[in-house]
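Every chain is numbered from 1, with letters handed out A, B, ... down the list of sequences.
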Number of protein chains: 2
Amino acid sequence: MAEDYVEAIAEAISENGICRAVDLVRHFDVTHATVSNTISRLQRDGLVVTEPYQPITLTAKGKRMATKARNRHEVVRTFLLRIGVSETTATEDSEGIEHHVSDETLRAMKRVMKDGIPASD
Amino acid sequence: MAEDYVEAIAEAISENGICRAVDLVRHFDVTHATVSNTISRLQRDGLVVTEPYQPITLTAKGKRMATKARNRHEVVRTFLLRIGVSETTATEDSEGIEHHVSDETLRAMKRVMKDGIPASD
DNA sequence: GAAACAACTTAGCCCGTGCTAAGTTTCGAG
DNA sequence: CTCGAAACTTAGCACGGGCTAAGTTGTTTC
Ligand SMILES: [Mn+2]
Ligand SMILES: [Mn+2]
Ligand SMILES: [Mn+2]
Ligand SMILES: [Mn+2]
């Protein structure tokens with residue numbers, strides 16, 4: 001959850017300069033109330049900073065998480081495409097899978113995309 | 001959640017003949033209270049049948065889900081091993097990843113394990 | 001058969017994530 | 001400058017999934 005939020009916030013900032021709650025409402029297709037609640041939790045956890053009616057910014061910690069999450073998401077998605085999954089499915093599945101992929105598995109995916117499948121021993 | 005539960009119940013039954021709540025308490029490392037609650041929900045959803053102080057059995061629907069989940073879990077785990085991930089990590093990561101893998105992605109994994117990586121176009 | 005122990009249930013609590021409904025703030029037109 | 005619409009907050013609700021504490025049922029063992 002936190003990962004998807006900071007990723008979406010970073011995306012909005014990089015696209016529009018700022019991130020407003022309404023961007024997240026659209027992105028996640030939830031209500032303003034839900035976004036408001038979630039943002040409070042993210043702020044409590046030191047990932048974002050915001051004030052009532054003001055745009056949302058990422059803390060250093062939030063930026064770090066966003067970068068890692070974005071990278072992981074993209075590697076997983078690309079990997080799925082690489083093993084022959086359709087665009088649509090790769091996009092859908094990577095949205096969930098990304099949150100369970102360890103650093104080791106991520107490295108394995110990158111290795112495979114570069115060097116192909118390891119010897120069948 | 002449901003998938004992991006029916007999978008664990010099927011496993012207990014195939015190993016001990018029956019599944020008791022205490023098996024799930026041990027398997028998931030949660031309290032009896034939690035298992036009791038969860039089983040109620042599974043029963044409400046038509047996946048299991050049980051009566052107070054009695055063993056837990058799977059409905060047809062529950063068995064179907066268990067079989068699919070078990071297969072998916074195993075394919076994902078084997079696939080991770082196949083791309084060079086360690087036993088420990090493959091076991092850990094597959095526990096989460098399995099729940100986000102569509103049929104299409106599952107087929108792609110099986111294909112890759114059989115025929116290797118698709119042509120780089 | 002009574003006592004002790006294991007298995008289980010039930011009540012009551014917390015938090016996360018979602019909602020609706022209602023009110024507040026901000027901002028752009030007119 | 002005012003008003004309406006868009007953005008946002010707040011309160012109150014529900015459910016999933018976790019807990020502790022306390023009580024109940026079942027089973028073994030003496
Ligand atoms: Mn993501
Ligand atoms: Mn995601
Ligand atoms: Mn599983
Ligand atoms: Mn699992």
If you measure from the Lys or Arg side-chain nitrogens to the Asp or Glu carboxylate oxygens, is any gap between B/R77 and B/E87 under 4.0 Å? yes
Reckon B/S36 has a side-chain N or O less than 4.0 Å from the OP1 or OP2 of C/dC8? no
Whole-Å distance separating the CG atom of A/L24 from the C1' atom of D/dT9: 15 Å
Starting from P on C/dT17, measure out to CZ on A/R44 and report it in whole angstrom. 9 Å
Mark yes or no for a side-chain to base donor-acceptor pair under 3.5 Å between B/Y53 and C/dT9, with no hydrogen or angle criteria applied. no
Which of C/dA7, D/dC8, C/dC19 is nearest the side chain of A/V22? It is D/dC8
Could you say whether A/R41 or B/R20 is positioned toward the 5' end of DNA chain C, judged by the nucleotide with the nearest heavy atom to each? B/R20
May I have the distance from A/E51 (atom CD) to D/dT9 (atom C1'), rounded to whole angstrom? 14 Å
Over 12 foreign heavy atoms within 6.0 Å of CZ, A/R70: no
From C/dC19, D/dC19, C/dA7, pick the nucleotide closest to the side chain of A/V30? C/dC19
Shortest non-hydrogen separation from B/H100 to A/H100 and the atoms involved: NE2-NE2, 3.2 Å
Taking OH from A/Y5 and P from C/dT17, how many angstroms apart are they, rounded to a whole number? 9 Å
B/T38 side-chain N/O to D/dG17 phosphate OP1/OP2 under 4.0 Å: no
Using whole Å, what does the distance between atom P of nucleotide C/dA21 and atom CG of A/N37 come to? 17 Å
Check the distance between D/dG16's C1' and A/M1's CE and give it to me in whole angstrom. 15 Å
In whole Å, I'd like the distance from the CD1 atom of A/I39 to the P atom of C/dG16. 14 Å
Report, as yes or no, whether the 6.0 Å neighbourhood of atom CD on A/E51 holds more than 12 heavy atoms from other residues, nucleotides or ligands. no
My understanding is that only one of A/K110, A/R72, A/K68 makes a salt bridge (charged side-chain N to carboxylate O under 4.0 Å, His left out) with A/D103; could you say which? A/K68
For atom CD of A/Q43 and atom C1' of D/dT9, their distance in whole Å: 14 Å
On DNA chain D, check which nucleotide each of B/Q54 and A/H32 is closest to and give me the residue with the more 5' one. A/H32
Judged by nearest nucleotide, the residue sitting upstream toward the 5' end of DNA chain C, A/T34 or B/T50, is B/T50
Testing D/dC8, D/dG18, C/dT10 for proximity to the side chain of B/A33, the answer is C/dT10
